[in-house]
Amino acid sequence: HLRMLVDNNPKVPSRIKALIDGSGEDPAPVLVQMARDLERWGADFLAIPCNTAHHFHPAVQAAVGVPVLNMIELTAGRIRQETPDVRKVGVLASTAVIRTDLYGESFARRGVEVVHPGDKSQDQVLAAIRAIKAQTFSSASLDALNRAVDDLIAREAEVILIACTELSVIAKKLQ
């Protein structure tokens, strides 16, 4: 077992409001301070469990002397390793991950194209993520997510990447 230090800070400003709405406070300073605190407390390396927060990975890594695992790079590498012939990966994630094309560069370097749901499907994905957070997830939410998966498959996605912590909670219920 690894000894773990966890800074589960509910005061991190909304990544969604900052990246999508453009009206939210920049979460980078809070994320950087959390990383510095964890390093000061003795962490040998850091992991950021939120996909959207990885948009701020460069700032966090620059602020500390310990490695900050890059979930985006690790995921792209793992998918390429496990499915070496994959050409297209469909990303099921928050709209912030989609709009910032968070996975695009990592997969492009590996010769893989990233596809996203269409706008209507993506709106429903974000609504489902919000429903999971609010504990109001329903069969209608699940149906909407399955339609988004169908949308990705129609866009020739050979692998579906669930790139959201909230969606990972219900992943086994997806078709």
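- Between Arg155 and Asp151, at least one side-chain nitrogen of the basic residue sits less than 4.0 Å from a carboxylate oxygen of the acidic one, meeting the salt-bridge criterion.
- A salt bridge is defined here as a Lys NZ or Arg NE, NH1 or NH2 lying under 4.0 Å from an Asp or Glu carboxylate O, and Arg87 with Glu113 fails to meet this definition.
- Between the side chain of Asp21 and the backbone N or O of Ser23 there is no donor-acceptor pair closer than 3.5 Å.
- Salt bridge Lys88/Glu156: present, at least one basic N to carboxylate O contact under 4.0 Å.
- Between Pro49 and Thr165, the closest heavy-atom pair is O-OG1, 3.1 Å.
- For the pair Ala63 and Val32, the tightest heavy-atom approach, listed with the atom from each and the gap, is CB-CG1, 3.4 Å.
- Using modelled atom types, one side-chain atom of Thr100 and one backbone atom of Ala96 make a donor-acceptor pair closer than 3.5 Å.
- Taken to the nearest 0.5 Å, the CG atom of Leu5 stands 12.0 Å off from the CD atom of Glu39.
- Remark: side-chain polar atoms of Gln61 are paired, donor with acceptor, to backbone N or O of Val68 under 3.5 angstrom.
- Atoms CD1 and CD, from Ile160 and Glu158 in turn, are 10.0 Å apart once rounded to the nearest 0.5 Å.
- Tested against Tyr103, the residues Ile79, Val89, Ile72 include a single side-chain contact (heavy atoms from CB on, under 4.5 Å) partner, Ile72.
- Classification of Lys120 and Asp123 as a salt-bridged pair fails, no side-chain N sitting under 4.0 Å from a carboxylate O.
- From Phe56, atom CZ reaches atom CD1 of Ile48 across 10.0 Å, with rounding to the nearest 0.5 Å.
- If you take CD1 on Ile132 and CG on Leu145, they are separated by 6.5 Å, rounding to the nearest 0.5 Å.
- Here OG of Ser139 is found 11.0 Å from CG of Asn146. Values are rounded to the nearest 0.5 Å.
- Checking side-chain atoms of Ser14 against main-chain N and O of Ile16 turns up a donor-acceptor pair under 3.5 Å.
- Distance SG/Cys164 to CG/Leu92: 8.5 Å, rounded to 0.5 Å.
- A side-chain donor-acceptor contact under 3.5 Å links His54 to the backbone of Met71.
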